[in-house]
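Counting starts at 1 for both ligands and their atoms, following the listed order.
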Amino acid sequence: MIIAIDGPSGSGKSTLGRMLARELHLLYIDTGSMYRAVALAVMEAHLDPADTEAVAALAARIDIDLEGDPDSLKVLLENRDVTEEIRTEGVTAMSSVVSTNPGVRRAMVERQRQMGQRGAVLNGRDIGTVVFPEADIKFFLTASPKERAERRFHEDRLTNTNVSFEQTLTEMTERDRRDSTRADSPLKVAEDAIVIDSSALSIEQVLARMMEHVHRHH
Ligand code: DC
């Protein structure tokens with residue numbers, strides 16, 4: 001079974017994706033972490049992100065692996081554990097830039113299809129539209145920008161006490177804009193996706209709704 005979960009940042013994709021994968025004993029693939037690993041590699045190689053050919057060539061060449069269960073997923077870049085590093089602000093911003101590069105996307109999509117072919121919960125922006133258009137179930141999670149920024153702010157504050165809510169909201173809005181307006185595989189709702197707005201729902205309530213759809217599908 002292949003379950004696609006798409007949506008903007010802060011919509012609960014990773015929390016719910018993990019829970020669903022655990023519940024259903026499926027592999028969990030966080031595709032955003034792959035774009036983040038590419039971004040880190042680009043920064044470390046001191047490439048100009050505007051040099052699309054060099055960036056795409058790097059993305060096609062580097063080794064990116066996801067390892068472990070949904071709750072302790074490790075991201076490996078050339079066999080080096082970069083799980084923490086890819087969550088820094090700089091990498092977050094760069095990942096939204098490199099993910100507009102069609103060559104980067106082609107390389108990642110190919111790997112995601114290979115990794116997921118035997119069944120998985122995949123989350124990202126283009127899973128139901130591009131990576132697995134034939135997915136068994138497609139969810140599109142969303143929430144109001146304010147709610148999403150608030151969630152991200154509380155998360156970020158655990159590691160960075162200097163960050164302000166306004167800054168989180170501004171950066172998130174800019175990334176949403178870039179993710180939704182890019183020419184190649186922009187974030188959009190697949191025609192056959194189940195849209196869940198979690199603004200006024202608890203995590204448990206969202207999970208219950210998703211599980212209802214999964215059971216109905218069987
Ligand atoms: O979900 P995330 O914040 O970890 O994703 C990081 C960036 O990668 C984000 O700007 C959107 C992009 N991305 C994408 O373009 N396609 C995906 N399938 C997943 C993430």
Practice task
List every atom of ligand 1 that sits less than 4.0 Å from any heavy atom of Arg182, numbering the atoms from 1 in the order shown and giving each element.
Solution key: 14 (C), 15 (O), 16 (N)
Exercise for the section: Compare Thr31, Thr129, Val109 and give the one whose heavy atom is closest to atom 19 (C) of ligand 1. Expected result: Thr31
Exercise for the section: State whether the shortest distance between N or O atoms of Thr92 and N or O atoms of ligand 1 falls below 3.5 angstrom. Expected result: no
Problem - Lys13 bridged to Asp6 by N-O distance under 4.0 Å - result: no
Practice task
Determine whether any heavy atom of Arg105 lies closer than 4.0 Å to an atom of ligand 1.
Solution key: yes
Problem - Salt-bridge contact Asp197-Arg148 (side-chain N to carboxylate O under 4.0 Å) - result: no
Exercise for the section: Write out the residue and atom name of the closest protein heavy atom to atom 8 (O) of ligand 1, then the distance separating them to 0.1 Å. Expected result: Tyr35 CB, 3.6 Å
Exercise for the section: Report the member of Asp179, Ile29, Val130, Asp126 with the shortest heavy-atom distance to atom 18 (N) of ligand 1. Expected result: Asp126
Practice task
Measure the distance from atom 6 (C) of ligand 1 to every protein heavy atom, then report the residue, atom name and distance (to 0.1 Å) of the closest one.
Solution key: Ser95 OG, 3.5 Å
Fill in the blank from the handout: Contact region, Met172 to ligand 1, non-hydrogen atoms below 4.0 Å, reads neither
Completion exercise
closest protein heavy atom to atom 5 (O) of ligand 1 is Gly32 CA, 3.6 Å
Problem - Pair Arg151 + Glu155: basic N to acidic O under 4.0 Å - result: no
Fill in the blank from the handout: Logged contact type for Ser96 with ligand 1, heavy-atom cut-off 4.0 Å, is both
Practice task
Could you tell me whether Arg36 and ligand 1 have an N or O pair separated by under 3.5 Å?
Solution key: yes
Exercise for the section: Indicate yes or no for a side-chain donor-acceptor contact from Arg18 to the backbone of Asp71 under 3.5 Å, with no hydrogens or angles considered. Expected result: no
Handout entry: contact_flag Gln112 ligand 1 heavy-atom lt 4.0 Å
Key = no
Exercise for the section: Verify, without hydrogens or angle tests, whether Thr31 (side chain) and Asn123 (backbone) share a donor-acceptor contact under 3.5 angstrom. Expected result: yes
Problem - Over 12 foreign heavy atoms within 6.0 Å of CZ, Arg113 - result: yes
Problem - From the candidates Arg178, Lys13, Arg125, the one that places a heavy atom nearest atom 1 (O) of ligand 1 - result: Arg125
Problem - Side-chain donor or acceptor of Ser95 paired with backbone N/O of Thr92 under 3.5 Å - result: yes
Handout entry: Over 12 foreign heavy atoms within 6.0 Å of CD, Glu84
Key = no
Problem - Note: Glu78-Arg61 ion pair, threshold 4.0 Å (strictly below) - result: no
